[in-house]
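In what follows, a single structure is set out as structure tokens and then discussed.
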Amino acid sequence: MLMFYWKPCFFVFSLFRRAESYYYRYSYLGIAVLLFLAAFFFSKCHGKERARAVLRASGVFSLLLVMLHYVHPLQDTGLTYVTAAFALILALLIALHSCQGKKTKVIPLLLAAAVLTELAGNTALLMKAYHADNVSDYRNYVSNEQRQIHEILSMDHGAYRISQTKTRSEQSDHLTANYNEALAYGYRSISGYTSDPDDKQIEFLGRMGYAVNASMNIVNTSVLAADALLGVKYVLSPFPVNGMEPVGELPERNGKYVYRNPFCLPFAFRYRKSDIGREGEKNPFEYQNGLYQQLTGEDIPLYRPIPYHAEPVSEFEVCYQLDLPKGNYAVYGNLPWEQYMDAVLNVNGVYETGYAKWLSPSVFYIPVSGEDTAAQVRLTAAQPLSVSDAQFYALDLERLAQETQKILKTAAEKIQVEDGYAKFEVSHAKAMEHLYMSIPYDDGWKVTVNGKPVQAEMFEGCMMSVPLQDGKNVVEMKYRIPYLGAGILFSIVGIALFVLLLRLEKSDDRC
């Protein structure tokens, strides 16, 4: 039980991994322990001894519950007293039944009625707090999303990822925590929400521009060059992003159109290691420049800084005026904040989003047309502004297209990616070349090159990379859950010991 109240035990229970927020989701384990203890108690304690123990325990519990409520209130006062009252009533009925044995059926019926009443009351409270008024809207969304994903997967059978700029549920400031739709609808994505994330992936996406909020990345925009490197080929969005191509043959569903990323890179391609990159760079645009420079060996930036002028309106508001370059660009911004400011970001008068707060993005897309010479970004905060140097960059789409074509020439000829298995065939490899794979590194992956085991490396602290041999290479990867065998063995030993203890106990009782 200490795993609910004492951090060291909770840390052990979480297998020495960081697991944050919504701790009540683990309550089923505590309930199992309580049921076991209750069954153990009722099997060992009878008659007046049980009656005294139950009355004593319920009295202490009710008294502590009420006292702690006034020390640190977390619940409605009335409900606190109702809970204490039910504990006393149930204890009294159990005590009466324990003392009277099977002489009357009235007490068991009253006990059952009290339990059912308490359960019904809790159900009513939960339904009041968590009921949904938009069931039909949810049903329609699910149906349309399933169709849209099915249409994409039926049209394109390759290995790629899909991203979204809008999900089913959004707050009034257009922020959301619904990042598990890929799990629900069966497609590969770069978004997800779990209380026990892989820190390597979280940090890598954060460096790429997808803000880290505790145990998830905020993926509600499309950072085009980053998505290309991550294998994002299709984006579902209610608005276009400069550089993406609308897939006209697929209809709009749930207010989202299907766009194709023409710069999407394959899941595996050859590259030669370089020292050009800037790992750990706090500027996501310069960091992406470094990644592409490592993969191509050319120190030619894709993102270029945009001149801007900051006009403070007050200590709570600032307006950024951008001087846009001529050419084919996708424009992005990032305002590194030093603390949450509960702000609102107005982007060129086209859309607004919550910013510098929980669930807010860091990099944001700035919609502009090719004829625009200026753009405006306005940040309005509920607290005094605490923003370090602003970052506004233009992604050179022509340069990105050139670099994409260079990388495509080094792509693996055959790519097979399945759940727990991947296979890549590479021809004409040269010494000192490596194979970049858009698959996050994990100790569970066992990699072979031409049938011989090799130790995979990490590219930028996240993605898989393996050294290649001259000529043809067949890279095969199989995933095995680490320590699965040991876990099964310990479980069997634990069950065997438990059965043995029960048998020994029965032997003692017979003696």
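Because the structure is a prediction, the values reported are computed rather than measured. In this chain, numbering begins with 1 at the start of the sequence shown.
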Do we see a donor-acceptor contact under 3.5 Å between the side chains of [X] and [Y]?
X	Y	result
Gln293	Glu298	no
Glu425	Asn473	no
Glu245	Tyr259	no
Glu476	Tyr421	yes
Ser143	Asn140	no
Glu460	Gln294	yes
Glu352	Asn346	yes
Arg168	Tyr141	no
Tyr479	Asp442	yes
Lys256	Gln148	no
Ser465	Tyr271	yes

Note, [X] side chain near [Y] side chain (heavy atom, < 4.5 Å):
X	Y	value
Val241	Asn261	no
Leu230	Met208	yes
Pro284	Gln391	yes
Asp173	Lys357	yes

Determine yes or no for a side-chain-to-main-chain donor-acceptor pair under 3.5 angstrom, with [X] supplying the side chain and [Y] the backbone.
X	Y	answer
Asn450	Lys472	yes
Asn348	Val350	no
Tyr292	Ala225	yes
Glu252	Gly255	yes
Asp227	Val232	no
Ser189	Ile162	yes
Tyr210	Val223	yes
Asn220	Thr165	no
Thr176	Ser169	yes
Tyr187	Leu183	no

Is [X] atom [atom1] crowded by more than 12 heavy atoms from other residues, nucleotides or ligands, each under 6.0 Å away?
X	atom1	result
Trp6	CH2	no
Glu371	CD	no
Ile481	CD1	no

Test of ring centre spacing under 6.0 Å for [X] and [Y]:
X	Y	answer
Tyr355	Phe364	yes
Tyr179	Tyr193	no
Tyr332	Tyr393	no

Please state whether the rings of Phe40 and Phe36 are parallel, tilted or perpendicular, taking 30° and 60° as the class boundaries. parallel
Classify the ring geometry between Tyr351 and Phe239 as parallel (under 30°), tilted (30 to 60°) or perpendicular (over 60°). parallel
Please step through side-chain contact (heavy atoms from CB on, under 4.5 Å) for the pair Val247 and Tyr234, ending with a clear verdict. CA-CA 9 Å; Val247 183; Tyr234 297 98; 4.2 Å; yes
Among Gln405, Arg399, Lys406, find the one that has a side-chain hydrogen bond (donor to acceptor under 3.5 Å, both in side chains) with Gln402. Arg399
Looking only at heavy atoms, what is the nearest atom pair of [X] and [Y], with distance?
X	Y	result
Phe269	Ala411	CB-CA, 3.7 Å
Gly333	Ile366	N-CD1, 4.0 Å
Gly461	Lys200	O-CB, 3.6 Å
Ser427	Glu413	N-OE1, 2.9 Å
Glu151	Pro251	OE1-CD, 3.7 Å
Val377	Phe392	CG2-CE2, 4.1 Å

Can you tell whether the side chains of Glu457 and Lys273 come within less than 4.0 Å, N to carboxylate O? yes
Charged N-O contact under 4.0 Å between Lys430 and Glu433: no
One pair to check against side-chain contact (heavy atoms from CB on, under 4.5 Å): Leu302 and Glu403. What are the steps and the verdict? CA-CA 9 Å; Leu302 300 177; Glu403 298 304 307; 3.7 Å; yes
Does Leu484 form a side-chain contact (heavy atoms from CB on, under 4.5 Å) with Ile488? I'd like the steps, not just the answer. CA-CA 6 Å; Leu484 177 62; Ile488 293 174; 4.1 Å; yes
Checking side-chain contact (heavy atoms from CB on, under 4.5 Å) for the pair Lys282/Arg207: CA distance, chi angles, key distance, verdict? CA-CA 7 Å; Lys282 295 183 179 180; Arg207 295 194 297 270; over 6 Å; no
